[in-house]
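What follows is a set of notes on a single structure, which appears directly below.
We name chains A, B, ... by the order of the sequence lines, and we start the count at 1 in each one.
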Amino acid sequence: MTDSSKPKKPQLIQPRTLKGFRDYLPETMIPREQLIQTAREVYRSFGFGPIDTPTLEYLEILTGKGSDETDRQLYKFQDHGGRDVGMRFDLTVPLARFVAQHINELGTPFKRYHIAPVWRGENTQRGRYREFMQCDFDTIGTLSVAADIETGLVINALLSAIGFERFKIHLNNRQVLNGLLQKQNLEDQATPVLRSLDKLAKIGEDKVVEEMIATAGTTEEQARSVLAMAALQGSNDEILAQLKPIVAGNELGEEGVARLEAILNGLQSGGVPEERIKLDVSIARGLDYYTGAIFETFLDDLPGIGSVCSGGRYDNLAELYTKRQLPGIGASLGLDRLLAAMEELGMLANVKTPADVLVTYFDKSALGKYLEIAATLREAGLKVEVYPEAKKLGQQLKYADARGFGYAVIAGEDELGRDALQVKDLGTGESTEYPIASAAEALSAIIKKADQS
RNA sequence: GUGGCUGUAGCUCAGUUGGUUAGAGCGCUGGAUUGUGGUUCCAGAGGCCGGGGGUUCGAAUCCCCUUAGCCACCCCA
């Protein structure tokens, strides 16, 4: 064989996605959109309003605080006008800029939710991508404990609406931690101390002590006293009772404990079952900017997946952009984690179509009739697909089955001849014949009933 | 960013001490006497063995580089 006899293959471009970026097929997108829709409805039911901000911000907005870590993870470049820009890496920094810019139009308290993708150029790991969705809700401009309570209520409502019953919202207050640190004269080393403390569950007590001594320069005694508090066990009331003497004499700590008590009472009044709330003095969250209440939420059936909804209170959201003091509190739903959990717990139906009903294209000469039937069904609120080819009925049903349709409408010459159609329940295999005129009503009643159960 | 493991069909994986035309299951497409899916049977399509370089008469197999994924660390505003 000579080279010249070979037909030249056209040079194909390998279809691929960037590292850390994903395509979503309908079967993953359907539960994803559903989850987002649920979150949206819950946020709205508490009066949070939707906002959006640009993907790109001036680099200086994003790097404001400017740690090396930020720099490493940030996607940044120069736009065509030579401006230094970056892609948002979370929704909190854009929110800070947003409220600083618009607070006079918005007024306080300002409650918003923001569901949007963010980008971080960090190394990928399971469940960690370079492009991912955040679902934040925050209340800006009030210090009231009512806002702290509401954050817990929203978390409870969110998880309930998604379909979870067994979960625990872990609650803590940075004021308590900071109060203790003040008593121990460790307030200047708060960040490294808390960062170490946050690893307690992961690396164990002795390692944490070691790390505190090494990175925060504490004495062993100081480290042990911090840990002793974090190790408090018992019911929420018992922990509160134990905390009181520990922070006694320190204003910040006392206030923190009082606030925790108020939050617990408020959550109870708001209807959160007691077993879903757990006072957990050990959670600190590695984040510097939290100053008050802290929330983390774990699924009882899948604790290993980590917190699926976390947040807390911060003193001054927008200090980099405005002189106005804007305290706030909020939390963020871990969309990807939740979906992974739901998948693992078998909570997701394996469906590749959003439609309820497939109208089969059976009698080749009756396309108009099928389109008419489909239109009527849609008018009754159903999601309906008409099969586009007059293939064998068996193949069309196979298609309907593979995609996860619940029902198929079958109408050949016989049925159409008597102005009827057959509705086949693809779950049970049973068929029922209805007059065309009343089929829409009957089907939508059936589907509504099936959705509820 | 550091270290370890892995890349063979759309997916999950076989593939002998290096040896002819690289296989299976699932999935996909079509068929099994003209109106009924999920089970079964038959057939078909689909692979530069992740990419590049090297060793060799000969490489999916051995070596180097690169890229992607997984795991751990770091970090997580």
So [Y] and [X], do their side chains get closer than 4.5 Å, heavy atoms only?
X        : Y        : result
A/Thr108 : A/Leu326 : yes
A/Lys76  : A/Met87  : no
A/Val386 : A/Val359 : yes

Tell me, please, which residues at least two apart from A/Lys278 pass salt bridge (charged side-chain N to carboxylate O under 4.0 Å, His left out).
none
Can you list everything that forms a salt bridge (charged side-chain N to carboxylate O under 4.0 Å, His left out) with A/Arg88? Sequence neighbours excluded, please.
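Once residues adjacent in sequence are excluded, A/Arg88 has no partner under the salt bridge (charged side-chain N to carboxylate O under 4.0 Å, His left out) criterion.
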Both A/Val93 and A/Phe21 contact RNA chain B. Taking the nearest nucleotide for each, which residue is further toward the 5' end?
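That would be A/Phe21.
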For [X], give me all partners under side chain to side chain contact (heavy atoms under 4.5 Å, CB included), at least two apart in sequence or on another chain.
X        : result
A/Glu255 : A/Gln175
A/Leu143 : A/Arg313, A/Pro327
A/Asp280 : A/His170, A/Ser282, A/Ile283

Show me the protein contacts with nucleotides 65-68 of chain B, counting only N or O atoms at under 3.5 Å.
none

Scan nucleotides 4-10 of chain B against the protein and return all N/O pairs shorter than 3.5 Å with their distances rounded to 0.1 Å.
none

Can A/Asp136 and A/Tyr43 be counted as having a side-chain donor-acceptor contact under 3.5 angstrom?
no
Please work out which residues in residues 368-378 of chain A have a non-hydrogen atom less than 4.0 Å from an atom of RNA chain B and list them by number.
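Listed by number, there are none.
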As a test of understanding, state which of A/Gln134, A/Arg128, A/Arg32 forms a side-chain hydrogen bond (donor to acceptor under 3.5 Å, both in side chains) with A/Asp336.
A/Arg32
Going through the checks in order, is the salt bridge (charged side-chain N to carboxylate O under 4.0 Å, His left out) test met by A/Arg403 and A/Glu385?
CA-CA 11 Å; A/Arg403 301 295 157 111; A/Glu385 175 173 339; over 6 Å; no
Nearest-angstrom distance, [atom1] atom, [N] to [M]:
N     : M     : atom1 : result
B/G58 : B/U20 : C1'   : 11 Å
B/A14 : B/C62 : P     : 14 Å
B/C5  : B/G10 : C1'   : 25 Å
B/G54 : B/G15 : P     : 29 Å
B/G69 : B/C63 : P     : 24 Å
B/C49 : B/A59 : P     : 12 Å
B/G23 : B/G47 : P     : 14 Å
B/G7  : B/C48 : C1'   : 15 Å

Let me know the distance between [atom1] of [X] and [atom2] of [N], rounded to the nearest Å.
X        : N     : atom1 : atom2 : value
A/Glu389 : B/G30 : CD    : C1'   : 13 Å
A/Asp336 : B/C76 : CG    : C1'   : 15 Å
A/Tyr75  : B/C76 : OH    : P     : 19 Å
A/Asn123 : B/G3  : CG    : P     : 12 Å
A/Asp136 : B/C76 : CG    : C1'   : 14 Å

Smallest separation among heavy atoms of A/Tyr361 and A/Asp363, with atom names:
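So the minimum-distance heavy-atom pair works out to CE2-O, 3.7 Å.
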Can you give me the closest heavy-atom contact between A/Ala331 and A/Ile155, atom names plus distance?
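Taking A/Ala331 first and A/Ile155 second, the nearest heavy atoms are CB-CD1, 4.3 Å.
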Quick one: does NZ or CZ of A/Lys168 land under 6.0 Å from the six-membered ring centre of A/Phe298, within 45 degrees of the ring axis?
no
Lys/Arg N to Asp/Glu carboxylate O, A/Glu131 vs A/Arg120, below 4.0 Å:
no
Stepwise, does the salt bridge (charged side-chain N to carboxylate O under 4.0 Å, His left out) test hold for A/Glu150 with A/Lys111?
CA-CA 11 Å; A/Glu150 188 175 72; A/Lys111 297 166 69 170; 2.9 Å; yes
Could one point to a donor on the side chain of A/Arg120 or the base of B/C76 with an acceptor on the other under 3.5 Å away?
no
Going 5' to 3' through nucleotides 33-38 of chain B and flagging B where a protein heavy-atom sits under 4.0 Å of the base, S where only the sugar-phosphate is that close, and - otherwise, we get --BBBB
For RNA chain B, the dot-bracket notation using Watson-Crick and G-U wobble pairs below 3.5 Å, [ ] for pseudoknot-type crossings and | for other-strand pairs, is (((((((..((((.....[...)))).(((((.......))))).....(((((..]....))))))))))))....
Table of protein N/O atoms under 3.5 Å from nucleotides 43-46 of chain B N/O atoms:
none

Donor-acceptor check, side chain of A/Tyr399 to backbone of A/Ala402, threshold 3.5 angstrom: yes or no?
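No, A/Tyr399 side chain to A/Ala402 backbone: no donor-acceptor pair under 3.5 Å.
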Kindly check if the number of other-residue, nucleotide or ligand heavy atoms within 6.0 Å of CD (A/Glu379) is above 12?
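No, not enclosed.
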Suppose we screen for side-chain hydrogen bond (donor to acceptor under 3.5 Å, both in side chains). Which residues come up paired with A/Gln222, at least two apart in sequence or across chains?
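A/Thr219.
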